[in-house]
Engineer: 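First, the structure itself, so that you have it in front of you.
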Amino acid sequence: MLITELKSKDAIRSLTDGKKVFIINCYGCREVYFPLEEAGELQAELASSGSVTGCITTDYICNPENLELYLKPHMDEITAADLVLVFSCGVGVQTVSSFLEEKMVCAGCDTRRLPGFQGVTPLEYDCGQCGECYLNLTGGICPITACSKSLVNGQCGGAKKGMCEVDPTMECGWERIYRRLEKIGRLDALKCPTQLRNYATGEAAGK
């Protein structure tokens, strides 16, 4: 089981200030928890400023076939936006990012782990449920799950021809992140200060 928590308003405003935003809400795991009231208040603030090009509320955006059907009627609104702000778990954000390859996609929530059954997602993306989502810094590709070493500050240097040194069948997650950031014109994100991971918030807490 998991719980999604809204990122701080300051964190979200730092992403959205001066930008046109398209918003996606996912209620797929609502039976566990979704910050409905808090997200609604924040989105109302964004809408009042005239910065929202459109918004959809749906469920299980982690299913790529469903996601495509949901997004197709809104592609003009998405094209008009500078970024897509997704309120969901990390799996949903990664699914949207893979579908909108040339658009900046950001997470509005952090995902935390709760004890119990984890369920099964219909695709290969995974969320480390680390409680401090890095997707806004890495182009919508999770460094925790895309990198065998879960490195959050860049490549280890051991990749060979773009493949991971730990698992030669796995593409280097940080090379994927670099290509993605280059494609959306956000290589400046790699210049941010060193990220410190708080292990007390994630799956490894207490171990």
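Residue numbers start at 1 and run along the sequence shown. No hydrogens, no waters, no symmetry mates; every other heavy atom, side chains included, goes into these values.
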Engineer: If you define the side chain from C-beta out and look only at heavy atoms, does anything of V86 sit under 4.5 Å from I61?
Structural biologist: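 In contact.
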Engineer: With a 4.5 Å heavy-atom cut-off, do D59 and Y70 have their side chains touching?
Structural biologist: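 They are in contact (side-chain heavy atoms under 4.5 Å apart), so the answer is yes.
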Engineer: What are the two closest heavy atoms between C142 and L135, and how far apart are they?
Structural biologist: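 Closest heavy-atom pair between C142 and L135: N-CD2, 3.4 Å.
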Engineer: Whether the side chain of T111 engages the backbone of Q129 through a donor-acceptor N/O pair (distance < 3.5 Å, no angle test) should be reported.
Structural biologist: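 Here the side-chain-to-backbone pair does not exist.
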Engineer: Of all heavy-atom pairs between Q94 and G140, which one has the smallest distance, and what is that distance?
Structural biologist: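 So the minimum-distance heavy-atom pair works out to CG-O, 3.5 Å.
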Engineer: Are Y178 and L190 packed together at the side-chain level, in the sense that at least one heavy-atom pair is separated by less than 4.5 angstrom?
Structural biologist: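 In contact.
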Engineer: Between C109 and S88, which heavy-atom pair has the shortest distance, and what is it?
Structural biologist: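 Closest heavy-atom pair between C109 and S88: CB-O, 3.6 Å.
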Engineer: Shortest non-hydrogen contact from A146 to I141?
Structural biologist: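 Residues A146 and I141, closest heavy atoms: CB-CG2, 3.8 Å.
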Engineer: Check the pair I23 / E77 against side chain to side chain contact (heavy atoms under 4.5 Å, CB included), numbers first and verdict last.
Structural biologist: CA-CA 10 Å; I23 295 172; E77 297 168 336; over 6 Å; no
Engineer: Is any side-chain heavy atom of L71 less than 4.5 Å from a side-chain heavy atom of I56?
Structural biologist: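 Side-chain contact under 4.5 Å: yes.
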Engineer: Starting at OG1 of T95, measure out to CD1 of I24 and round the result to the nearest 0.5 Å.
Structural biologist: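 If we round to the nearest 0.5 Å, T95:OG1 and I24:CD1 are 10.0 Å apart.
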Engineer: Quick one: which of L100, I184, V21, N136 gives a side-chain contact (heavy atoms from CB on, under 4.5 Å) with L83?
Structural biologist: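 Exactly one candidate clears the test, V21.
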Engineer: State the CG-CD1 distance between D17 and I12, to the nearest 0.5 angstrom.
Structural biologist: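 Reported value, rounded in 0.5 Å steps: 11.5 Å.
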Engineer: Hey, what do you get for CG (D82) to OG (S51), rounding to the nearest 0.5 Å?
Structural biologist: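 Atom-to-atom, D82:CG and S51:OG are 9.5 Å apart.
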Engineer: Any carboxylate oxygen within less than 4.0 angstrom of a Lys/Arg side-chain nitrogen, looking at D188 and R186?
Structural biologist: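 So D188 pairs with R186 through a salt bridge.
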Engineer: Quick check: do I177 and P143 have side-chain heavy atoms less than 4.5 Å from each other?
Structural biologist: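 Contact flag for I177/P143 side chains = yes.
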Engineer: What residue pairs, at least two apart or across chains, pass salt bridge (charged side-chain N to carboxylate O under 4.0 Å, His left out) with a residue in residues 44-53?
Structural biologist: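 As it turns out, the salt bridge (charged side-chain N to carboxylate O under 4.0 Å, His left out) pairs with a partner in residues 44-53, which skip direct neighbours, are K9-E45, R13-E45.
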Engineer: Keeping the roles fixed (side chain from S97, backbone from V93), state whether a donor-acceptor pair exists under 3.5 Å.
Structural biologist: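 No: the side chain of S97 does not pair with the backbone of V93.
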Engineer: In Å, rounded to the nearest 0.5 Å, how long is the span from CZ of R180 to CE of M104?
Structural biologist: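 Spacing of CZ (R180) from CE (M104) equals 10.0 Å.
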Engineer: Could you tell me if the side chain of L42 sits less than 4.5 Å from the side chain of K7, heavy atoms only?
Structural biologist: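 Result no, sub-4.5 Å side-chain heavy-atom pair not found.
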Engineer: Look only at the side chain of K103 and the backbone of V96, and say whether a donor-acceptor pair between them is shorter than 3.5 Å.
Structural biologist: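 Judged by distance alone, no pair lies under 3.5 Å.
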Engineer: Hydrophobic clusters here meaning ILVMFWY residues chained together by side-chain heavy-atom distances under 4.5 Å, can you tell me if V105 and M75 are in one?
Structural biologist: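 Per the 4.5 Å side-chain linkage, V105 and M75 are co-clustered.
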Engineer: To the nearest 0.5 Å, how far apart are CD in E102 and OG1 in T79?
Structural biologist: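 If we round to the nearest 0.5 Å, E102:CD and T79:OG1 are 10.0 Å apart.
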Engineer: Do D110 side-chain atoms and E5 backbone N/O form a donor-acceptor pair below 3.5 Å?
Structural biologist: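 Judged by distance alone, no pair lies under 3.5 Å.
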Engineer: Measure across C55 and N25 and return the closest heavy-atom pair with its distance rounded to 0.1 Å.
Structural biologist: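 What the structure gives for the nearest pair is SG-ND2, 3.8 Å.
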Engineer: Is there side-chain contact between I78 and T53, with at least one heavy-atom pair below 4.5 Å?
Structural biologist: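 Of all side-chain heavy-atom pairs linking T53 with I78, none is under 4.5 Å.
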Engineer: Taking the side chain as every heavy atom from C-beta outward, state whether Y60 and L67 have any atom pair closer than 4.5 Å.
Structural biologist: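 Sidechains of L67 and Y60: no contact.
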Engineer: Give a yes or no on whether V84 and V52 share a hydrophobic cluster (residues Ile, Leu, Val, Met, Phe, Trp, Tyr; joining criterion: side-chain heavy atoms under 4.5 Å apart).
Structural biologist: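 They do not share one cluster, since no chain of ILVMFWY contacts under 4.5 Å joins V84 to V52.
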Engineer: According to a 4.5 Å side-chain heavy-atom criterion applied to Ile, Leu, Val, Met, Phe, Trp and Tyr, with indirect links allowed, do F22 and L85 form part of one hydrophobic cluster?
Structural biologist: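 Result: no, two separate clusters.
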Engineer: If you compare all heavy atoms of T145 against all heavy atoms of G128, which two are closest, and at what distance to 0.1 Å?
Structural biologist: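 So the minimum-distance heavy-atom pair works out to CG2-N, 3.6 Å.
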Engineer: Sequence neighbours left out, cut at 3.5 Å: what donor-acceptor pairs do the side chains of residues 162-172 make with other protein atoms?
Structural biologist:
from, atom 1, to, atom 2, distance (Å)
E165, OE2, K149, NZ, 2.5
D167, OD1, T169, N, 3.0
D167, OD1, T169, OG1, 2.6
D167, OD2, T169, OG1, 3.3
E171, OE2, R179, NH2, 2.1

Engineer: Taking the side chain from W174 and the backbone from L151, do they hold a donor-acceptor pair closer than 3.5 Å?
Structural biologist: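 Yes; judged by distance alone, with no hydrogens or angles, the pair exists.
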